[in-house]
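Step one of this worksheet: look at the structure below.
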Amino acid sequence: MRTSNDLRGHLGGLIAALAPVAKRDGTVATLARDVIERLEAHTLPRLQRPADPPLVAVSGLTGVGKSSLVNALSGADHCEIGPLRPTTTVPRVIAARAGNGSGSPLGADVVVEPGLATDAVTLVDLPPGPGSELAKEADLHLFVTTPSRYADADGWNHLTRLTDLAIPTWVVLLRVEDADEVVVDDLRRRLAEAGIDVPLVTVADLATPEATEELVTRLAGQVGTTGEVDTGRVAALVDRAQRVSADLNEQRATSDELRRAVDAAYAPAFTAAEELARPGHFTYDVDRPWEEMADRLAVVLSHRIGAAAEDAATRWAAHPAGAAAVTGNGVGLWRHGAKATAQARERLRYWPAAVEELVTARLRPRRWWHRRMSTADLAAMVMHRGRGGEVDAGWRLRRRFTNPIDVVASQAANLLAELATGVVETDKGRFLDRLDRVDPTLIDGIDRAVATVRRALAEEAGDA
Ligand SMILES: Nc1nc2c(ncn2[C@@H]2O[C@H](COP(=O)(O)OP(=O)(O)OP(=O)(O)O)[C@@H](O)[C@H]2O)c(=O)[nH]1
Ligand SMILES: [Mg+2]
């Protein structure tokens, strides 16, 4: 009992570890959601009441004979059978006699009657369709179909939903006659093709006295699992949780690969941005306004960014996981961003203002009683020097400053480089924004929770 409580706690930990994944998009998220749903709807309540008789839900399309089967199994006409479809509109629960007075978790409409299967099994006759909350609580689903309905697409969707949720399911084919052997074979083949590995039980016309014999025998076998934790079933869910972590890991590896491709493609553009700001790389004509210079640089820079974008898109197009990102609404990735040139212009034009800030902070004149030089003039001098120009600063001028002009000039050149690389960074971000960001601690958290539950399951098995 103590270990059961621990196991519940550990499963709670697993749910918490999976929860952030469940909020994402895509198939991994669906898998995580399904595991959480199954744990919350079935496993945890089940662990709290391990001695309750198995809850067997009968589900399937309308009119296949679900209610008739429940009546046959319970040995009385508990469920209405009618000509109108659907006949059953609310779940009908026929509680097992063994579960009598044990505080059944099931809702209203509980009928307690002795019956063939209901001695130890609680049956639920479900309305047609994917089923209610009650259906998720079930230990087992009997998916009922018939030789005339077994290939219906709706039925397959229903069955797939059950198996996706890791709900143990048996396919029960009703009204099977000897001549239906081909149908049984075809159904088996379809199940195998769909990768649905569930037992298939055939039932003859319910008017035949021994029609449900095999099904009843099999259901009786289910009863053996009560009174103890079904570790195999929990282990199967834990395996799915492990698959969530494996899929996330794979996603992370893929996104790392795509990120490296973008890094490589944009590296030359970063180099170009830094070179633009290197002293002496181009002549800065002090007589021309900086805006003019900035606009010319912006054009050069956006050409280099365009080449980087094309290279990155080419690399992604060649990658199976990246190809889709550079088509459709991603075709813009083949060029630099629509606003790249304008943004480069705007940022590079900001340089004089940035240099003025720098000058104010770093080139404070020591002795204010000397002739004052305006900040703008100082900035112009620093920009000129930063661009590799000569400054005729005699010792008198030099001594007036707390920092040597050359030091501040090189800091100003660095500022220009930062402004230019910022433009490249923004453009590169268009690629990086499309990558799934998988937090490695998320994966670690799931792995740890899985390991803890597995250890608890092993202890439970050892105790038994
Ligand atoms: N001949 C024959 N008819 C059956 C058998 N099982 C069910 N039927 C008939 O199939 C029809 C539908 O049966 P129900 O049990 O009401 O079907 P259901 O799946 O519960 O239908 P909904 O409640 O609408 O979802 C009824 O007319 C039944 O008499 C069977 O084994 N043999
Ligand atoms: Mg019915």
Side-chain angles (χ1 to χ4, degrees), residues 55-96 106-113 115-118 121-138 140-163 165 167 169-187 191 198-219:
L55 183 63
V56 178
V58 179
S59 63
L61 301 180
T62 185
V64 287
K66 299 180 294 299
S67 302
S68 307
L69 178 65
V70 171
N71 284 347
L73 289 173
S74 59
D77 291 339
H78 294 301
C79 306
E80 193 191 340
I81 290 152
L84 297 179
R85 301 270 78 88
T87 301
T88 310
T89 52
V90 290
R92 181 111 169 123
V93 180
I94 296 105
L106 309 172
D109 199 16
V110 177
V111 185
V112 184
E113 289 284 344
L116 285 172
T118 46
V121 170
T122 292
L123 286 172
V124 187
D125 180 24
L126 289 173
S132 56
E133 285 306 310
L134 189 63
K136 288 177 198 147
E137 271 178 25
L140 172 69
H141 263 252
L142 301 182
F143 173 76
V144 176
T145 188
T146 65
S148 58
R149 305 286 298 276
Y150 77 97
D152 282 14
D154 285 350
W156 283 94
N157 290 341
H158 185 155
L159 182 58
T160 310
R161 188 66 199 132
L162 289 172
T163 51
L165 279 172
I167 295 177
T169 303
W170 298 353
V171 174
V172 177
L173 190 63
L174 291 188
R175 305 182 216 180
V176 177
E177 296 166 10
D178 290 345
D180 290 328
E181 211 172 292
V182 280
V183 169
V184 178
D185 285 347
D186 190 44
L187 179 53
L191 286 169
V198 297
L200 170 59
V201 189
T202 56
V203 174
D205 193 308
L206 289 173
T208 325
E210 65 277 12
T212 56
E213 216 168 67
E214 188 198 343
L215 188 56
V216 168
T217 311
R218 279 186 177 240
L219 282 175

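Position 1 is the first residue of the sequence, and the numbers go up from there. Only heavy atoms go into these numbers, but all of them, side chains included; no hydrogens, no water, no symmetry mates. If you're wondering where the values come from, they're calculated on a predicted model, not measured in any experiment. Just follow the structure's listing: the first ligand is 1, and inside any ligand the first atom is 1.
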TODO: Look at the side chain of Lys66 and the backbone N and O of Thr88, then say whether any donor-acceptor pair between them is shorter than 3.5 Å.
DONE: no
- [ ] Decide if atom CD of Glu214 counts as having more than 12 heavy atoms of other residues, nucleotides or ligands within a radius under 6.0 Å.
- [x] yes
- [ ] Using side chain to side chain donor-acceptor pair (under 3.5 Å) as the criterion, list what pairs up with Thr208, not counting sequence neighbours.
- [x] none
Task: Pro147: which of Asp180, Val182, Thr202 passes side chain to side chain contact (heavy atoms under 4.5 Å, CB included) - done: Asp180
Task: Criterion side-chain hydrogen bond (donor to acceptor under 3.5 Å, both in side chains) on Arg175 and Thr146, from CA distance to verdict - done: CA-CA 6 Å; Arg175 305 182 216 180; Thr146 65; 5.9 Å; no
Open item on the list: Once rounded to the nearest 0.5 Å, what's the spacing between atom CG of Asp125 and atom CZ of Arg92?
Closed with: 8.5 Å
Task: Candidates Val198, Val56, Val144, Leu219 - the one meeting side chain to side chain contact (heavy atoms under 4.5 Å, CB included) with Trp170 - done: Leu219
Task: Distance below 2.8 Å from the Mg ion (ligand 2): protein N/O/S atoms - done: Ser67 OG, Thr88 OG1
Task: Which residues share a side-chain contact (heavy atoms from CB on, under 4.5 Å) with Leu200, sequence neighbours left out - done: Val171, Leu173, Val184, Leu187, Arg188
Open item on the list: How long is the straight-line distance from CD1 of Ile94 back to CG of Leu123, given to the nearest 0.5 Å?
Closed with: 6.0 Å
Open item on the list: With a 4.0 Å heavy-atom cut-off, what residues sit around ligand 1?
Closed with: Leu61, Thr62, Gly63, Val64, Gly65, Lys66, Ser67, Ser68, Ile81, Arg85, Pro86, Thr87, Thr88, Pro128, Arg175, Asp205, Leu206
